[in-house]
Amino acid sequence: MTPDRRAGAGRTADTAFTRRGALRLLGLGALATAAVPGCSLLVGSPQPQLLASAAPLPKPFAVPLPIPPVARPVRTEGGADVYELTERAADVELLPGLRTRIWGYDGSFPGPTIRARSGRPVVVKLVNRLPEPTVLHLHGGHTPAQSDGYPTDLVAAGAAREYAFPMRQRASTLWYHDHRMDYTGPQVWRGLAGMFLVGDAEEEALRLPSGDRDVPLLICDRSFAADGTLLYPGLEGKPGVREAYMGGVLGDVILVNGAPWPELRVARARYRLRLCNGSNARAYELATGRPLVRIGTDGGLLAAPRTVDQIRLAPGERADVVVDFSAYKLGERVELRNLAAEGAQGKVMRFLVDRDEPDESAVPSRLSSVERLDPARAAVTRDFEFTSGSLHGGRGWLINGRPFDPARMEARPRLGDVEVWRLTSDVAHPVHLHLSPFQVLSVNGERVEGPPEWKDTVELREAQTVEIVTRFTDYRGRYVLHCHNLEHEDMAMMAGFEVV
């Protein structure tokens, strides 16, 4: 079982001897990792590495931004909208002039966008026409265990399965992707990802930008062979990647909705951009050079809008922002950049302001009521330590010193309970919790100020401790907590828990 601390008993955060405390005693800070490229001085853990393309990198901003089609229900049954997604291989043009074999939902990358409504159930029938098993996970979904996409709940090649999503959750920007044990990284890299947007009455009453001005942006990086084939440093006939890339795979081509460094023509009006980091291992620090208005995070709307200069997104994280292009002149070009990288990887996409149009949208000073979870009501505090370590005679990624075992439950929270989970890292790990959204309480012992925000993925930076508080509601069963660096996840950085 995971080390835990019942309320009022055991060691406190002040007296526990943590890795962070040890590093301070040794005089090593998190920035020490930068001294040796590709290796952390903390525990010798590898860092993400760039996989260079053999194909020439395309010219930025030369192709229009694709907008994935919105999926339509095939029928309505028992009050639920039923969708059908067929996973199949397809040859598509990602790089101009080249054909790339992808694995896609309905043969596209990204897959179709599903727009759902809070309180109206959705059923997705997944049909697997690929040569390998798959698993569907609705990332950020508040979902019964049998439909959550447990990594061993496989849909075999040629088979089909229905996933039921009750939509008992607030409006939010979600995404769906493959979640097969040991093979999530290569299967998402091939294209098994798409956006899933949930709306509700509260959000609709706000007059936020909508219609064509509500734009999903799935951002990811990929690498290509000279003939356009996707490159990935996987191992032949077994899970994992070549040793040089076990810290994570970085592509050198930035794709937005499947297009390299695209351009979107916009009116002088407000636009809502739904930003999703769909990369395997790359974090982004997104900026336009002018203030952005952040209105939402993983778990939906903020209590009030926040004006920020940049937005950092680790793999799996999302953010909703409003950009007011009326602040620009006709003909101006606005570049969305990634301040966490240089050169071509420092570019993401561009907006061309090319017309005037009426705009009746608004960003009110109050967006939503966000309940604050009280950590004083936590029944348990649990510790989860994310580190590299020995795995099957080599190196892998562990939680509390152990690799993922789908039959072992590291925690058994009770339905309805509030719990505090303390997450500690060696190198950076974006940590994703299935089933229940959470709120971040503290980072390295410092309380987070401001109104609460709902999250389902949080980035642990190097040698960092983050405390989260969550409440397990509605559904019993098996779920997982894992690193969303997909190479880390595939090499065993996952823990099962069961709500009882």
Side-chain angles (χ1 to χ4, degrees), residues 67-83 85 105 110-124 136-144 147 163-177 193-218 257 269-276 278 293-306 316-323 359-371 435-437 453-457 473-474:
I67 303 297
V70 175
R72 302 299 178 193
V74 295
R75 65 183 184 277
T76 298
E77 189 174 281
D81 293 324
V82 181
Y83 296 83
L85 293 176
Y105 297 104
T113 298
I114 295 177
R115 285 187 174 268
R117 185 172 177 82
S118 177
R120 184 175 178 87
V122 166
V123 173
V124 174
L136 180 68
H137 171 55
L138 178 57
H139 185 124
H142 184 58
T143 305
S147 293
Y163 293 82
F165 305 129
M167 293 292 105
R168 296 177 66 176
Q169 57 191 103
R170 64 204 298 260
S172 50
T173 296
L174 313 180
W175 65 305
Y176 62 95
H177 58 78
M195 300 289 282
F196 192 112
L197 311 180
V198 184
D200 65 13
E202 179 187 50
E203 181 184 76
E204 290 168 2
L206 297 178
R207 294 176 51 214
L208 295 169
S210 59
D212 292 343
R213 297 181 190 159
D214 180 358
V215 185
L217 299 175
L218 182 65
N257 292 351
R270 295 181 189 87
Y271 281 71
R272 177 179 185 171
L273 306 179
R274 297 179 184 258
L275 306 169
C276 175
V293 179
R294 185 169 190 163
I295 61 169
T297 185
D298 302 340
L301 292 173
L302 303 176
R306 293 175 51 204
E317 287 187 300
R318 286 92 64 214
D320 283 24
V321 301
V322 172
V323 178
D359 182 12
E360 297 181 356
S361 69
V363 180
S365 58
R366 180 188 175 278
L367 296 170
S368 180
S369 296
V370 181
E371 176 193 6
L435 174 64
S436 294
E453 301 176 8
W454 289 113
K455 297 277 291 170
D456 58 57
T457 307
T473 60
D474 293 325

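When side chains are defined from C-beta on, Val122 does not count as touching Leu138, because their heavy atoms never get closer than 4.5 Å. Between Pro110 and Met195, the closest side-chain pair of non-hydrogen atoms is not below 4.5 Å. Proximity of Arg272 to Arg213: side-chain heavy atoms (C-beta onward) are nowhere separated by under 4.5 Å. The side-chain heavy atoms of Leu85 and Pro112, taken from C-beta on, include a pair separated by under 4.5 Å.
Looking at every heavy atom in both residues, Leu367 comes nearest to Leu206 through O-CD1, 3.5 Å. Looking at every heavy atom in both residues, Pro166 comes nearest to Pro144 through CD-CD, 3.4 Å. Shortest non-hydrogen contact noted between Ser147 and Phe165 is O-CE2, 3.5 Å. For Arg120 against Gly79, the heavy-atom pair with the smallest separation is CG-O, 4.0 Å. Contact record, Ser118 with Gln169: OG-O, 2.6 Å, taken as the closest heavy-atom pair. When all heavy atoms of Asn257 and Pro216 are compared, the closest pair comes out as ND2-O, 3.0 Å.
In this structure, the separation between CG on Leu273 and CG on Asp320 is 9.0 Å, given to the nearest 0.5 Å. Rounding to the nearest 0.5 Å gives a distance of 5.0 Å between CD1 of Ile114 and OH of Tyr176. Atom CG of Asp456 and atom CD of Glu317 lie 8.5 Å apart (nearest 0.5 Å). From Ser210, atom OG reaches atom CD of Glu204 across 9.5 Å, with rounding to the nearest 0.5 Å. One finds the CE atom of Met167 at 6.0 Å from the OG1 atom of Thr143 (value rounded to the nearest 0.5 Å). To the nearest 0.5 Å, the span separating NE2 on His139 from OG1 on Thr457 amounts to 3.0 Å.
Within a 6.0 Å sphere centred on CZ of Arg306, other residues, nucleotides and ligands contribute 12 heavy atoms or fewer. Heavy atoms of other residues, nucleotides or ligands lying less than 6.0 angstrom from CZ of Arg117 number more than 12.
For the side chain to side chain contact (heavy atoms under 4.5 Å, CB included) with Arg274, the lone residue among Leu197, Leu218, Val321, Val215 that qualifies is Leu197.
A donor atom on one side chain and an acceptor atom on the other are not found under 3.5 Å apart for Thr173 and Arg318.
Between the His142 side chain and the Leu435 main chain, a donor and an acceptor come within less than 3.5 Å of each other. Of the possible donor and acceptor atoms, none in the side chain of Thr113 sits under 3.5 Å from a partner among the backbone N and O of Val70. Between the side chain of Arg207 and the main chain of Ala205, no donor-acceptor pair closer than 3.5 Å is present. With hydrogens and angles disregarded, a donor-acceptor distance shorter than 3.5 Å links the side chain of Asp359 to the backbone of Arg270.
By the salt bridge (Lys or Arg N to Asp or Glu O under 4.0 Å) test, Asp212 is found to be paired with no residue, residues two or more places apart in sequence or in another chain being considered. With sequence neighbours left out, Asp200 forms a side-chain hydrogen bond (donor to acceptor under 3.5 Å, both in side chains) with no residue at all. Listed by chain and residue number, nothing satisfies the ring-ring contact (aromatic ring centres under 6.0 Å, His included) test with Tyr83 (two or more places apart in sequence, or in another chain).
Ion pairing of Arg294 with Glu453 is absent here, as no side-chain N (NZ or NE/NH1/NH2) approaches a carboxylate O to less than 4.0 Å. A salt bridge is defined here as a Lys NZ or Arg NE, NH1 or NH2 lying under 4.0 Å from an Asp or Glu carboxylate O, and Arg170 with Glu203 fails to meet this definition.
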